[in-house]
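A short worksheet on the structure shown next.
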There are 2 protein chains.
Amino acid sequence: MTRPPERPPERTGFRAVKSEIRDRIESGRWGPGTLLPGEVELAEEFGCARATVNRALREIAEAGLVERRRRAGTRVRAAPLREARFRIPLVRAEIEATGARYRYALLDRAVTPASDRLRGRMELPEDARLLRLTCLHFADGLPYQLEQRWISLAALPQAETQDFADSGPNEWLVATVPYTEVEIAFEAAAAGPEAVAHLGFAPGAPVFAIERTTWLRGRAVTHARLSHRPGHRMTTRY
Amino acid sequence: MTRPPERPPERTGFRAVKSEIRDRIESGRWGPGTLLPGEVELAEEFGCARATVNRALREIAEAGLVERRRRAGTRVRAAPLREARFRIPLVRAEIEATGARYRYALLDRAVTPASDRLRGRMELPEDARLLRLTCLHFADGLPYQLEQRWISLAALPQAETQDFADSGPNEWLVATVPYTEVEIAFEAAAAGPEAVAHLGFAPGAPVFAIERTTWLRGRAVTHARLSHRPGHRMTTRY
DNA sequence: AAGTGGTCTAGACCACCTT
DNA sequence: AGGTGGTCTAGACCACTTG
């Protein structure tokens, strides 16, 4: 048996400093509320420049383990404020990553005015016109995700001439238009008629749904509701 | 009307460089796939040190807008790989942040062997003993979240002597034991008997549930299943 | 082989906040 | 008022990777 090419713990550099400091926190040697030594002092201890300690501490602070304030110094957080990060990839990538074959189908396409609910979510004016698409994404021939999408024709008039028959609107969108703001929401909802018809849910069964809205410089671009097949779990580990 | 103390866009520093570069990407001037100028060149353009450009670009890369490789340079990502970040605060903080009054109740407490499902989730040995707690968190007197928690007594023997009558296990845990790894999962599940009894769900109704497991240096510490009251939405914006 | 980003250093000035 | 972190600079060496 040969070992995988495992990196030895770094002996120098900001990674070494970072990992040593994390270790002192995680081992309890520096418990919650402890005031850490100043950057200058740590730099002396580790035999490096202050900038190196600074980078290590900055990253530890970003991770939520410590809190830094001028003049007050760096303190171990009482309740480590950590974030869960989820990557929300294109469905195609998500499906192909599991080794399954991806297939896409457009179920419906229409131009509509915006409903009140949508105008609220997307922060749209009253007379907004939207392109509404209903799509289905398959993994190995089985329905995987139902996508209900609305595209603002004010922001993206060229969407009206796209037919979206062969590839999904999400792929077209990411290649076409950048965005500056995103809102993502997760919820558990009762299966509606479309989820029943296309995902094989019993009426009222629990559906895991993601809603995603994007804006470009304050202007709503698109809103999507992604409903997943029964049993879907969204997981992250860090 | 006075304006809020709005910060003018920075004129110098890595923030200025960062925001200018983001702007060029978001405006489409540097479209997907574009190779950016090198750090040296950008430093000349912006009249700053290379380290300043480096920091700006590093942060833009972390945000997923560009991809950097030695020798190859910095490229605008074709499909911006962006992450959704969720803070999962203590329920108490979550409730009090809305202005509501927080109340806690312990419903049940027992020491049990680990079920197969739990042993899988927590990666526990066969003979593991767990402290199982069932708790309810109220907002303004109404049930807000049902917490089903298991604590490994091998990792945390002192949990056995805690009674958890007055404050929740999560608060005790964050103040007592650090962790190095977390797994978080979201799902939509059908309301079980406890959600029906305590959260007012109809049997089988959709419940938004978060499962969270933590380890300290490879050793399972605790696992929690948090079920939310009807209509709960988890949202993030960036 | 060479050019790119990755990192470190030593020094400096500054903004901010706590005391 | 003074000490802390926040940031910038100029220069240097290094690691990686691609041509």
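Each chain gets a letter, A, B and so on, in the order its sequence line appears, and its residues count up from 1. Keep in mind that what you see is a predicted model, and the values were worked out from it rather than measured.
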Interatomic distance where [atom1] belongs to [X] and [atom2] belongs to [N] [whole Å]:
{"X": "A/Glu39", "N": "C/dG11", "atom1": "CD", "atom2": "P", "value": "16 Å"}
{"X": "B/Arg75", "N": "D/dT17", "atom1": "CZ", "atom2": "C1'", "value": "13 Å"}
{"X": "A/Phe14", "N": "C/dG5", "atom1": "CZ", "atom2": "C1'", "value": "13 Å"}
{"X": "B/Lys18", "N": "D/dT7", "atom1": "NZ", "atom2": "P", "value": "10 Å"}
{"X": "A/Leu57", "N": "C/dC8", "atom1": "CG", "atom2": "C1'", "value": "16 Å"}
{"X": "B/Leu36", "N": "C/dG3", "atom1": "CG", "atom2": "C1'", "value": "16 Å"}
{"X": "B/Leu35", "N": "D/dT17", "atom1": "CG", "atom2": "C1'", "value": "14 Å"}
{"X": "A/Arg68", "N": "C/dC16", "atom1": "CZ", "atom2": "P", "value": "16 Å"}

Tell me whether the side-chain N/O atoms of [X] come closer than 4.0 Å to OP1 or OP2 in [N].
{"X": "A/Thr52", "N": "C/dT7", "result": "no"}
{"X": "A/Asn54", "N": "D/dG6", "result": "yes"}
{"X": "A/Arg55", "N": "C/dT7", "result": "yes"}
{"X": "A/Thr74", "N": "D/dG5", "result": "yes"}
{"X": "A/Arg71", "N": "D/dG2", "result": "no"}
{"X": "B/Arg15", "N": "D/dT7", "result": "yes"}

Identify whether any heavy atom of A/Ala72 sits under 4.0 Å from a base atom; if not, whether one sits that close to sugar-phosphate; answer base, sugar-phosphate or nothing.
sugar-phosphate
Under 3.5 Å side-chain donor-acceptor pair for B/Tyr144 and B/His228:
no
Hey, does the side-chain of B/Arg70 have a donor or acceptor N/O within less than 3.5 Å of a partner on the base of C/dT4?
no
Is there, by distance only and without an angle test, a donor paired with an acceptor across the side chain of A/Arg50 and the base of D/dT7 below 3.5 Å?
yes
Does B/Arg68 come within less than 4.0 Å of B/Glu59, counting only side-chain N to carboxylate O?
no
Of the options A/Met234, A/Arg225, A/Glu147, which is the one that meets A/Ile210 in a side-chain contact (heavy atoms from CB on, under 4.5 Å)?
A/Met234
Which of the following nucleotides, D/dC8, D/dT18, D/dG5, is nearest to the side chain of B/Arg69?
D/dT18
Distance under 6.0 Å and angle within 45° of ring axis: A/Arg237 vs B/Trp215:
yes
Parallel, tilted or perpendicular: ring planes of A/Phe186 versus B/Phe186, cut at 30 and 60 degrees:
perpendicular
Between A/Arg58 and A/Gly73, the residue closer to the 5' end of DNA chain D by nearest nucleotide is A/Gly73
